[in-house]
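Order of appearance sets the numbers: ligands from 1, and atoms from 1 within every ligand. Computed over heavy atoms, backbone and side chain alike; hydrogens, waters and symmetry mates excluded.
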Amino acid sequence: MIISIPVGFRALPLPVAQLSLAAVLQCGQSFRWSVFPLPYPDFSVNPDAPRHEYRVCLRDRVVCLRQTPDTLFYRAVYPSPSLDPKEEANKDAETLSWIRDYFQLDVDLLDLYSQWSKLDPVFHKLKDRFEGIRVLRQDPFECLLSFICSSNNNITRITKMVRALCTQFSSPVISLPPPNAEPGTELEPYHPFPPPSALSAPEVTATLRTLGFGYRAEFIQKTAKMLADNHNTSATSSAKMQEPAELWLTTLRQMSTSEARNELLKFMGVGRKVADCVMLMSLDKREVVPVDTHVHQIATKHYGMSSSSKSKAVKTTMTPKLYDELSSKFVGIWGEYAGWAHCVLFTSDLKAFASYGLETSSPSPSAPPSMSTTPTISAASTPSASPAKRKRAASKINVVKTEVVATVAEVSEDGSLAERVKRRRQLRVVATDPSK
Ligand SMILES: *[C@@H]1O[C@H](CO)[C@@H](O)[C@H](O)[C@H]1NC(C)=O
């Protein structure tokens, strides 16, 4: 099926198995992308046509993306478009190199999936349904502040908070209508992520509290102030340029994992988990596996891991020791790119992804194009696998589900921890043998 290039877009050949926008942009890595359903009269005519447009605002442009099973379409919109074709071409080249960098397209995800699949039977079962999930290489300042917002929080609310932060503390770069909008549709302003200097004044705390940031308000202002005080000693010449403090954060990419972690832990509101998320998702520390209660659950549910610390409760509090144990166990299983594999497992366990990659009823193309902050990510969101492939994936998943249910049932029969661990191990053996 031939898909024509949408007007104004450029095409980059890229299989969805290398990058699934529907998964990667909505699984709790970045909180700033807007998702617009594309009005399309009849997807049955062309089931591979892009169904969503994704947009993000950078300091000087808005990047727009669409995707089919084998192509990524991209374009950037600027406040003052150039009429010089040469300058235009340069800007397009910049956008493309931003895309390559942000999505780390030099990393071959198919290769990683096949390695993890050999190393880990749990991953092997998930890989067809959750294809194209890779780690983003985000701006470190944005990533740091977003993950300070993430403590005791969920994706929907973090997304709202990060959006409020941008609306409140940075001027819009441009206003645009939604894609394929009717004439007269209201324009939406696009705000970039604010720089440290915009968040460092003491009164920022009170403003953030009124915006619903709670105790995180102070952490954000204090962190921005520390960065600005220590590193913004020389002036920045333009609002489009990164401030020295932002550039300094980027230099943490060259440090070792433990040096970079020590630097991040100095900031307000940054504990081990926030530091690890920032290192994995913006500082190139691909082996780092951030651990939270969610990852702990995955570890016990699918990997038969349990804490060696003496704890009777199933809901253990996360101690530094347990964190270390879980994190290094996952590194032991997945190797050099452990943090990336963790992202796939983490996404597969999100409620919003419960029907992702499975065969579902057709989407509602009549849905109005609007900013969606509470997505349920379904098969319709992804231009991925063929129905046959989806069905195969679905049957594999059912196997896993059945066995997890069995685990739960047995736990209630015999409550002792040792017994539970033993049973889980036995069940895991059954669960990991695809031939049974
Ligand atoms: C996210 O957190 C907010 C505030 O704590 C809560 O009202 C909301 O129900 C939560 N949403 C989900 C999907 O858990």
Kindly check if the number of other-residue, nucleotide or ligand heavy atoms within 6.0 Å of NZ (K285) is above 12?
yes

Relative to each other, are the rings of H294 and F346 parallel, tilted or perpendicular (30° and 60° limits)?
perpendicular

Keeping H124 on the side-chain end and P121 on the backbone end, is there a donor-acceptor pair under 3.5 Å?
no

Output, or 'none' if empty, a list of ligand 1-protein atom pairs in which both atoms are N or O and the distance is under 3.5 Å, rounded to 0.1 Å.
residue, atom, partner, partner atom, Å
ligand 1, 2 (O), N154, ND2, 2.3
ligand 1, 11 (N), N154, ND2, 2.9
ligand 1, 14 (O), N154, ND2, 3.3

Checking the side chain of R253 only, and the main-chain atoms of S282 only, is there a donor and an acceptor separated by less than 3.5 Å?
yes

R55 with E188: basic N within carboxylate O range, under 4.0 Å:
no

Please report whether the ring centroid of F219 lies less than 6.0 Å from that of F213.
no

